[in-house]
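The structure that follows is given in the form of structure tokens.
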Amino acid sequence: MKSELNRNYSELTEFILLGFRTSPEVQILLFLLFLLIYMVIVVGNISLLVVIKTDSRLHTPMYFFLRNLSYLDLCYSTVIAPKTLATFLSKDKRISYNGCATQFFFFALFVGTEGFLLAVMAYDRFSAICSPFLYTVRMSQEACVHLVSGSYICGCINSMIQTGFTFSLRFCGENRLDHFFCDVPALIKISCVDTFVNEIVLFILSAFIIVTTTTVILVSYVYILSTVLKIPSTHGRNKTFSTCSSHITVVSLFYGTVFFMYAQPGAISSPEKSKVIAVFYTLIIPMLNPLIYSLRNREVKNAVKRILLRKISFH
């Protein structure tokens, strides 16, 4: 029996992404919906990157971090969307073993990095509102680069650990993944060995990232709220806190879905629930983020107006 398991394990060179098991007509509708969402993601995030890069008034730490957030959203949705779109229209739903591992590694890298970056952005708002006279020192260009680099390093460490543990599992010939991309819960489910350690590692890593980053965010906003409440005028309070509203919205969306997906052991046993939540954080959130930061941010809207006026004047 053991030799048979080893033989089947050694022969496994690909997975089959079952995705959304619906009729061909619904598959086409899903393809069109996912394609539309992905186009909005690409256009929205690239537009935000261009606006921040073009307008010199947005060359501040806050928008440096926002530019990296847009880049991460663009990257991790691109890791998932093209393959998902291809499986909607093709009967060939295979992905190679190495391709699956690569897809998961980069997905975990970008998502983990985004979690840490959101904490950095909260610290940036804390520094700007609570210590405005020290802000330029705390958030120097060098400090900003270090904070972003640190986010990528932490995301990379998380990704390497999760990828290493997940793809050390044995699958014994069963290669049908009940998901639309290579994710830990789906891979754990088809493994033929005890996955208790992997589930604990997934839970601990997810809990550690969520607890540490949310602690930074919550503490930052407690101090921000305390500072804002001391401002005598209502207009001053609203104006100061408005710089945080977009970030609070993005944080709520991101951490809410990640918590339901990875920080609950029960989520692993519900593939349909996992797919719905996964669509939300792999495609919906990257689509919403540039909209939230452009529609709810006066500086970004003004920058867009200035760019458009320059183009009109030029012509």
### Query
Are any side-chain N or O atoms of Ser206 and backbone N or O atoms of Phe203, one a donor and one an acceptor, separated by less than 3.5 Å?
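Judged by distance alone, no pair lies under 3.5 Å.
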### Query
How long is the span from the CD1 atom in Ile95 to the CZ atom in Phe104, to the nearest 0.5 Å?
12.5 Å
### Message
To the closest 0.5 Å, what do you measure between CD1 (Ile46) and OG (Ser70)?
### Response
10.0 Å
### Message
If you define the side chain from C-beta out and look only at heavy atoms, does anything of Phe88 sit under 4.5 Å from Thr84?
### Response
yes
### Task
Scan side-chain atoms only and decide if Thr166 and Gln162 contain a donor-acceptor pair under the 3.5 Å cut-off.
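On atom types as modelled, these side chains do not qualify, holding no pair under 3.5 Å.
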### Query
Going by atom types alone, do Tyr135 and Asp124 pair a side-chain donor with an acceptor below 3.5 Å?
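Yes, side-chain donor-acceptor contact under 3.5 Å.
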### Query
Does any N or O in the side chain of Thr214 come within less than 3.5 Å of the main-chain N or O of Val211, such that one atom is a donor and the other an acceptor?
yes
#### Entry: Over all atoms of both residues, closest heavy-atom pair of Gly19 and Asp178
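So the two residues come closest at O-OD1, 4.2 Å.
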### CG-OH distance between Asn45 and Tyr293, expressed to the nearest 0.5 angstrom
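Asn45 CG to Tyr293 OH: 12.0 Å, rounded to 0.5 Å.
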#### Entry: Between Tyr255 and Thr213: side-chain donor-acceptor atoms closer than 3.5 Å
yes
### Task
Run the numbers on Phe181 and Val79 for side-chain contact (heavy atoms from CB on, under 4.5 Å), then give the verdict.
CA-CA 9 Å; Phe181 74 100; Val79 169; over 6 Å; no
### Summary
The reported gap from CG in Leu89 to CD in Gln27 (rounded to nearest 0.5 angstrom) is 8.5 Å
### Query
Do Phe31 and Leu33 share a hydrophobic cluster (ILVMFWY, side-chain heavy atoms under 4.5 Å, transitive)?
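Yes: a chain of side-chain contacts under 4.5 Å links Phe31 to Leu33.
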### Query
Side chains of Arg237 and Thr234: donor-acceptor distance under 3.5 Å anywhere?
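Judged by distance alone, the side chains do pair up.
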### Task
Check whether any side-chain heavy atom of Pro286 sits under 4.5 Å from a side-chain heavy atom of Tyr76, and report yes or no.
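Contact flag for Pro286/Tyr76 side chains = yes.
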### Query
Should Tyr223 and Leu225 be regarded as members of a common hydrophobic cluster, given that ILVMFWY residues are connected when their side-chain heavy atoms come within less than 4.5 Å of each other, either directly or indirectly?
no
### Query
Residues two or more places apart in sequence or in another chain: which of them pass salt bridge (charged side-chain N to carboxylate O under 4.0 Å, His left out) with Arg57?
none
### Query
Is any side-chain heavy atom of Ile188 less than 4.5 Å from a side-chain heavy atom of Leu169?
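Side chain of Ile188 against side chain of Leu169, heavy atoms only: contact under 4.5 Å found.
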### Full working for side-chain contact (heavy atoms from CB on, under 4.5 Å) between Ile224 and Tyr221
CA-CA 5 Å; Ile224 288 170; Tyr221 277 107; 3.8 Å; yes
### Query
Heavy-atom count around Tyr71 OH within 6.0 Å, excluding the residue itself: above 12?
no
### Query
Would you call Arg125 and Phe65 a side-chain contact if the rule is heavy atoms closer than 4.5 Å?
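With C-beta onward as the side chain, the pair stays apart.
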#### Entry: Heavy-atom pair with the smallest gap, counting every atom of Val51 and Ala303
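Smallest heavy-atom distance, with atoms named: CG1-CB, 3.8 Å.
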### Message
Side chains of Phe110 and Ser159, heavy atoms from C-beta outward: is any pair under 4.5 Å?
### Response
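With C-beta onward as the side chain, the pair stays apart.
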### Task
Just do the side-chain contact (heavy atoms from CB on, under 4.5 Å) check on Phe165 and Ile161 with the steps written out, would you?
CA-CA 6 Å; Phe165 269 89; Ile161 293 172; 3.8 Å; yes
### Message
Applying a strict under-4.5 Å side-chain criterion to I, L, V, M, F, W and Y, I'd like to know whether Tyr97 and Leu18 cluster together.
### Response
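Not linked; separate clusters.
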### Summary
The residue among Leu177, Val193, Ile190 that forms side-chain contact (heavy atoms from CB on, under 4.5 Å) with Phe171 is Ile190
### Query
Shortest non-hydrogen contact from Thr212 to Phe116?
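That closest heavy-atom pairing would be OG1-CE2, 4.4 Å.
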### Task
Answer yes or no: is there a side-chain heavy-atom contact under 4.5 Å between Leu48 and Asn289?
no
### Task
Over all heavy atoms of both residues, which pair between Val300 and Tyr63 is shortest? Give the atoms and the distance, please.
CG2-CE2, 3.7 Å
### Query
Quick one: does Glu174's side chain have a donor or acceptor within less than 3.5 Å of a partner on Arg176's backbone?
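Yes, the answer is positive, given that a donor and an acceptor are paired below the 3.5 Å cut-off.
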### Query
Do the ring planes of Phe20 and Phe180 sit parallel (below 30°), tilted (30 to 60°) or perpendicular (above 60°)?
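It falls in the parallel class, under 30°.
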### Side-chain donor/acceptor of Ser131 to backbone N/O of Ser127, under 3.5 Å
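No, because the side chain of Ser131 does not come within donor-acceptor range (under 3.5 Å) of the backbone of Ser127.
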### Message
If hydrophobic clusters are built from ILVMFWY residues whose side chains come within less than 4.5 Å, do Met121 and Tyr123 share one?
### Response
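The answer is yes; both residues are in one hydrophobic cluster.
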### Query
Should Leu17 and Lys83 count as side-chain neighbours, where that means a heavy-atom distance under 4.5 Å?
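Yes, close enough: below the 4.5 Å cut-off.
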### Query
Taking all atoms of both residues into account, what is the closest heavy-atom pair of Pro82 and Ser77, and its distance?
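Smallest heavy-atom distance, with atoms named: CD-O, 4.1 Å.
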### Query
Can you check whether His247 reaches Leu66 side chain to side chain, under 4.5 Å on heavy atoms?
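No - every pair of side-chain heavy atoms lies 4.5 Å or more apart.
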### Task
Measure the spacing between CZ of Arg94 and OG1 of Thr13 and express it to the nearest 0.5 Å.
9.0 Å
### Query
With the 4.5 Å side-chain cut-off for hydrophobic clustering, are Leu118 and Val219 part of the same group?
yes
### Query
Of all heavy-atom pairs between Ser220 and Ala122, which one has the smallest distance, and what is that distance?
CB-O, 3.7 Å
#### Entry: From CA spacing to verdict: side-chain contact (heavy atoms from CB on, under 4.5 Å), Thr195, Lys189
CA-CA 8 Å; Thr195 60; Lys189 190 175 181 181; over 6 Å; no
### Task
Rounded to the nearest 0.5 Å, what's the gap from NE2 on His179 to CZ on Phe15? Could you check?
13.5 Å
### Query
His59 side chain to Phe64 main-chain N or O, any donor-acceptor pair under 3.5 Å?
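Not confirmed, His59 side chain does not pair with Phe64 backbone.
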### Task
Evaluate whether atom NZ of Lys53 has more than 12 neighbouring non-hydrogen atoms of other residues, nucleotides or ligands under 6.0 angstrom away.
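Atom NZ in Lys53 is not packed in, count stays at 12 or less.
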### Query
Sub-3.5 Å donor-acceptor pair from the side chain of Ser191 to the main-chain atoms of Arg170, do we have one?
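The answer is yes, because a donor-acceptor pair under 3.5 Å joins these two groups.
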### Query
Between the side chain of Thr78 and the main-chain N/O of Leu74, is any donor-acceptor distance below 3.5 Å?
yes
